[in-house]
Amino acid sequence: MSFFLMSFWKPVTIAFARQGVKRSWHCMTRSYHLSPVPNLRVLGDHHKLFRTRGTHNNQIYYRLFSGNVTESTIYALSTSPGKAGVAVLRISGSRAKDAIRKMASIGEKQSDLKPRQAYFRRIRDPRTGEVLDRALVLWFPGPRSFTGEDTVELQIHGGNAVVKSVLDALGSLDGFRMAEQGEFARRAFDNDKLDLTELEGLADLLNAETEIQRKVALRQAEGGLRIPYDSWREDIIRCMATTEAVIDFGEDEQIEEGVLDQVIQDIKKLRNSISRHLDDSRVGEIVRSGINVAIVGPPNAGKSTLLNRLAKREAAIVSDIPGTTRDIVEVTLNLGGYPVIVSDTAGLRESEDLVEIEGIKRAKARALSSDVKICLLSFAHLKTDKKDIHIDDVIRDVIDSTTYVLLNKQDAAPHLNPFDFAKKVQHETGACKVWSVSCKTGEGVDVFLNDIVSILKMRYDDSIASPALITQARHRHHLEECVQGLDAYLAMPAQDIVLSAEELRQAANALGRITGRVDVEDVLDVLFGQFCIGK
Ligand SMILES: Nc1nc2c(ncn2[C@@H]2O[C@H](COP(=O)(O)OP(=O)(O)OP(=O)(O)O)[C@@H](O)[C@H]2O)c(=O)[nH]1
Ligand SMILES: [K+]
Ligand SMILES: [Mg+2]
């Protein structure tokens, strides 16, 4: 909680009773409205301090008030359900220690329960005293815990009946209830243990399928975006505070001359940093959701055969009938650590068949929107005389300087020199690179795949290595909003100083929306929906 502008804005303190809770409000905005409390946040039972955030007439409110509402202590199975060697139960809330005292018979005295130390204890049902299991017990007193609240972890045996009996026993404790989906993460966010980008990073880490996704997610979970965005936001707020001060005390001698010029210089610099950050070819978003690889080419080139070979299963139907594939068939792969979505498409040709025409339309659209376009030709398709190669116009149209061409069915053309042929095709089509393979026997496919991985490395690794990588369209949207606000500020004539301060406020809020400092309820609902119960 920052009180950055307190020196300029006088706090208003109002005490009133609502729902039996006495609150004193400190409002940080100049125009103050008693709008309904938009959402209630508990900063922790330790200091019994509550905070709300909300907007009214485009003003952002931060409110602090004290009360004596206690939140439930929540518990859940944090590991996957099902038979396992060990299952981890997590308990968080002001009464978490009750679970240890009543079920593991430790913690009665402060001295016999050390934080972050494992105790091997019998776990008993608090109602009957029956032994349910033997477990490792860990105690993380708040605020040094994942949620920021007092937290207990029980590592019990991972049998279904064991887990069920311990969960039942926890439910019998006063003030305990089962956690909802994402509730642990939510409490961590509410207690400022994590910001929104770190939470998103954590969700991505839980969902990461490949090495690159894991790396990117981990960096974000460790504050890769929070750190620069918070610092940019603070810079804008500092500039805004200076501008506000000039508005309020402009005539006063205490305000040095030229401060606004300095603000303009600072905002220009910041604007350039943010726009450089935005100029990243969307690598983070591509890597997070998967690199789109489209396979296009004439009918019967062996596109579906290639897809099946890559997927190591019969994902698409293969037949010697041209026009077999109609819809797009997608397969998700891990290619050298890169998440890749490969699409097999309908063979491209002139057609009268309505369904096939639609399939061809989709194939062309997919080729256009892909990150990597592979055009598969078969040696049989290349009508050759002694010197020239003839490729149909429909196919030529999809090949450009960014296209990778595969010449397939090398096994069926033993009389041709594949190397010479590949060179000719590259010359004819202007394709980026050409390989000769046999999707049936697998010959040449590994070389092609290794080359593709090297291409992905060259294309993406520099950006991936950057500590701050935009991974979601949401981030990009708010960063663009921020740049717009800064541009509007810079374009504003000097006499409109009051309006210009407002532009800075909008720019700061745009960044605040990324990290969750302002106005993020809708994003939170979506985000916590991605977490499982117990996370
Ligand atoms: N000899 C040989 N035959 C192949 C090779 N790859 C594919 N084929 C055969 O070529 C025929 C067409 O293969 P598909 O994979 O269905 O071709 P496609 O490009 O998906 O065809 P459409 O879906 O109709 O556009 C099948 O009979 C395959 O077995 C190869 O490397 N060598
Ligand atoms: K076919
Ligand atoms: Mg096919």
Side-chain angles (χ1 to χ4, degrees), residues 292-333 340-368 370 372-384 389-399 403-422 424-425 429 431 433-452:
N292 269 302
V293 176
I295 307 174
V296 290
N300 269 2
K303 301 180 294 298
S304 303
T305 310
L306 174 64
L307 181 84
N308 291 350
R309 181 167 278 283
L310 298 180
K312 301 193 174 82
R313 65 186 169 88
E314 303 299 304
I317 302 170
V318 167
S319 86
D320 58 4
I321 304 163
T324 304
T325 306
R326 296 287 176 96
D327 254 331
I328 290 172
V329 182
E330 280 186 356
V331 163
T332 306
L333 296 180
V340 168
I341 305 162
V342 187
S343 308
D344 175 25
T345 61
L348 303 174
R349 63 171 170 182
E350 301 295 344
S351 169
E352 300 285 298
D353 181 321
L354 283 181
V355 180
E356 189 173 10
I357 289 171
E358 176 59 27
I360 291 170
K361 201 171 115 198
R362 290 181 187 196
K364 287 180 176 166
R366 182 57 60 100
L368 270 182
S370 64
V372 176
K373 182 168 59 175
I374 294 170
C375 182
L376 194 63
L377 304 174
S378 137
F379 278 97
H381 283 111
L382 306 167
K383 299 164 208 139
T384 57
I389 300 165
H390 306 283
I391 301 170
D392 285 349
D393 284 348
V394 214
I395 305 304
R396 273 179 190 272
D397 283 351
V398 295
I399 303 179
T403 311
Y404 301 103
V405 171
L406 274 182
L407 298 177
N408 188 28
K409 309 197 186 181
Q410 182 185 303
D411 60 296
H415 53 287
L416 293 174
N417 178 337
F419 184 72
D420 281 355
F421 225 79
K424 263 188 200 167
V425 170
T429 59
K433 200 169 159 107
V434 182
W435 294 263
S436 163
V437 296
S438 166
C439 294
K440 195 174 221 168
T441 65
E443 208 182 332
V445 174
D446 281 347
V447 174
F448 158 70
L449 286 181
N450 284 337
D451 288 352
I452 287 287

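All ligand and atom numbering here is 1-based and tracks the order in the structure.
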Counting both backbone and side chain atoms, is some N or O of [X] under 3.5 Å from an N or O of ligand 1?
| X | answer |
| --- | --- |
| T441 | no |
| A301 | yes |
| C439 | yes |
| G323 | yes |
| I317 | no |
| K303 | yes |
| D344 | no |
| G347 | yes |

Identify, for atom 7 (C) of ligand 1, the protein heavy atom at the shortest distance, and state residue, atom and that distance.
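It is T305 OG1, 3.3 Å.
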So does L377 get a backbone contact from the side chain of K409, meaning a donor-acceptor N/O pair under 3.5 Å?
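Not at all, since once roles are kept as given, no pair shorter than 3.5 Å links the two residues.
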Rounding to 10°, state the angle centred on the K ion (ligand 2) that links O in I321 with OD1 in N300.
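Value returned, to the nearest 10°, is 80°.
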How wide is the angle at the K ion (ligand 2) between OG1 in T324 and O in S319, to the nearest 10°?
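About 90°, to the nearest ten degrees.
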Mind checking whether the Mg ion (ligand 3) has an N, O or S of T325 under 2.8 Å?
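Of the N, O and S atoms in T325, at least one lies under 2.8 Å from the Mg ion (ligand 3), which means yes.
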Counting backbone and side-chain atoms alike, is an N, O or S atom of T305 positioned under 2.8 Å from the Mg ion (ligand 3)?
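Not a single backbone or side-chain N, O or S atom of T305 is under 2.8 Å from the Mg ion (ligand 3).
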Is the shortest heavy-atom distance from the side chain of V296 to the side chain of T403 under 4.5 Å?
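Result no, sub-4.5 Å side-chain heavy-atom pair not found.
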Output, in order, the C-alpha distance, side-chain angles, deciding distance and verdict of side-chain hydrogen bond (donor to acceptor under 3.5 Å, both in side chains) for T345 and R366.
CA-CA 8 Å; T345 61; R366 182 57 60 100; over 6 Å; no
Non-hydrogen atoms of I321 versus ligand 1: any pair closer than 4.0 Å?
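Contact check I321 vs ligand 1: positive.
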Parallel, tilted or perpendicular: which one describes the rings of F448 and W435, with boundaries at 30° and 60°?
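Taking W435 first and then F448, their aromatic rings stand perpendicular (interplane angle over 60°).
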Heavy atoms only: which of R309, E443, K409, R349 lies closest to atom 4 (C) of ligand 1?
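Considering heavy atoms of R309, E443, K409, R349, the nearest to atom 4 (C) of ligand 1 sits in K409.
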